[in-house]
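Fair warning: this is a prediction, and the values are worked out from it, not measured in the lab. Index from 1, following the sequence.
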Amino acid sequence: MDLTGKTIVLTGASSGAGAEAARLLSARGAALHLVGRDEKRTRAIGEELRAPTYTADFTSLSQTRGLAARLAHAVPNIDVLALNAGGVMPPCLTDAGIDASFQANALAPWLLMTQLAGQLGTGRVLLTNSRSHNNAVLSPNNLDAALAGEPRVSGHRTYARAKLAAGVLLREFHRRNPGVDAGDFHPGIMASDFGRYMGRTGSLLKTAARPFIGTPRQGAERLVDLATRQQALDGAYFVRTRPARGSAQLHSQELGTALWEAANRATAA
């Protein structure tokens, strides 16, 4: 598909599947705005593709707000906002007192999405989710504790909880902004630097699993397929590129309303 004239904002673009997706989208003529956490790597992919770049650390709400303001000024109309950044974060609280994984994977993408609602118009939001969200449960009555990383569980369980929250917030955004198409997907397990925060353990696991997992290029192709397909995503969840059954909580309006209110409290400037 020729994407000439289409404006796409892609987060997590500095490495792995994000960088590969940027290359594929650029080759199809899309006008890209690339976001990454690492300034050097983000600048490098931007120079390669001749695309403007922005750096922000999603564990910082002030940097996320600043990113949204810069994008809103630079990009009047966004056809696709691909929220691809995320990962298993160290077990700590951010400056805002929020669990780092919850903030980086759920609250910061939500904040960016809501701040750019005016630029999205009738565009699309695609969130890179994880199949691990099926192993998490959120209670509408205990969300402040979840934002603070309570109860304390393993890094992957904390990540799963954050990814469930991200999916719920995406659908609540879709309900409140019905003109914006939205969906999320599990790209598959890939040999990327996703587990960089796990240190030596993450490196060993990635090396051992490499023969059995996909490549960043495959994940990128799936992201591009869903970001640019003509049919509406309409709030669906996909595994790779096929509709799949995610957690029943993804579509809970009660949880969505409660989580939206909790997100507003947690990110209040």
Could you go step by step and tell me if Q119 and V75 meet the side-chain contact (heavy atoms from CB on, under 4.5 Å) rule?
CA-CA 7 Å; Q119 283 67 38; V75 195; 5.5 Å; no
- Message: Checking Y237 against H251 for the side-chain contact (heavy atoms from CB on, under 4.5 Å) test, could you report, in this order, the C-alpha distance in whole Å, the side-chain angles of both residues, the deciding distance, and whether it holds?
- Response: CA-CA 10 Å; Y237 166 69; H251 301 279; 5.8 Å; no
message = Between R70 and H73, does the side-chain contact (heavy atoms from CB on, under 4.5 Å) criterion hold? Intermediate values first, please.
response = CA-CA 5 Å; R70 293 194 301 275; H73 178 74; 5.9 Å; no
query: Could you walk me through whether L3 and L25 pass the side-chain contact (heavy atoms from CB on, under 4.5 Å) check?
result: CA-CA 8 Å; L3 298 177; L25 291 165; 3.6 Å; yes
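Grouping the Ile, Leu, Val, Met, Phe, Trp and Tyr side chains by contacts below 4.5 angstrom, directly or via other members, places L226 with I8. A single hydrophobic cluster is not seen to contain both L83 and V224; linkage of ILVMFWY side chains at heavy-atom distances under 4.5 Å, directly or through other members, places them apart. F173 and V80 fall into different hydrophobic clusters, where Ile, Leu, Val, Met, Phe, Trp and Tyr residues are linked whenever their side-chain heavy atoms come under 4.5 Å apart, directly or through other members. Placement of V9 and L126 in two distinct hydrophobic clusters is found when ILVMFWY residues are connected by side-chain heavy-atom separations under 4.5 Å, directly or transitively. No path of Ile, Leu, Val, Met, Phe, Trp and Tyr side chains, each step under 4.5 Å between heavy atoms, connects V35 with L49, placing them in separate hydrophobic clusters.
H133 contributes no side-chain N or O that, together with a main-chain N or O of G246, makes up a donor-acceptor pair within less than 3.5 Å. Without hydrogens or angle criteria, N177 side chain to V180 main chain gives no donor-acceptor distance under 3.5 Å. Remark: side-chain polar atoms of Q103 are paired, donor with acceptor, to backbone N or O of T59 under 3.5 angstrom. One N or O on the side chain of N84 and one on the backbone of G12 form a donor-acceptor pair closer than 3.5 Å. The closest donor-acceptor contact from the side chain of D184 to the backbone of F238 lies at 3.5 Å or more, if one exists at all. Looking only at distances, a side-chain donor or acceptor of R171 sits under 3.5 Å from a matching main-chain atom of G235.
Proximity of T241 to R229: side-chain heavy atoms (C-beta onward) are separated by under 4.5 Å at one or more points. Side-chain contact between L71 and L81 is absent, with no heavy atoms from C-beta onward closer than 4.5 Å. Counting heavy atoms from C-beta on, the side chains of F58 and L112 come closer than 4.5 Å. In this structure the side chain of R43 never reaches within 4.5 angstrom of the side chain of T55, judged on heavy atoms. Two residues are said to be in side-chain contact when any heavy atoms from C-beta on lie closer than 4.5 Å; N129 and H186 fail this criterion. A heavy-atom distance below 4.5 Å is found between the side chains of L164 and L250. Taking the side chain as every heavy atom from C-beta outward, R152 and D99 approach each other to under 4.5 Å. Counting heavy atoms from C-beta on, the side chains of V125 and L170 come closer than 4.5 Å.
Checked options L259, T257, N264; the residue passing with E261 is T257 (criterion: side chain to side chain contact (heavy atoms under 4.5 Å, CB included)). Considering L223, L127, L233 in turn, L223 is the only one that fulfils the side chain to side chain contact (heavy atoms under 4.5 Å, CB included) rule with F185.
With salt bridges taken as basic N to acidic carboxylate O contacts below 4.0 Å, one links R265 and D144.
The number of heavy atoms from other shown groups lying within 6.0 Å of CG (D2) is above 12. When the shell of 6.0 Å around CZ of R157 is examined, it contains 12 or fewer heavy atoms from other residues, nucleotides or ligands.
Aromatic ring orientation, W260 versus W110: perpendicular (interplanar angle above 60°, classes split at 30° and 60°).
Legend: residues meeting salt bridge (charged side-chain N to carboxylate O under 4.0 Å, His left out) with E221, ordered by chain and number and at least two apart, are R217.
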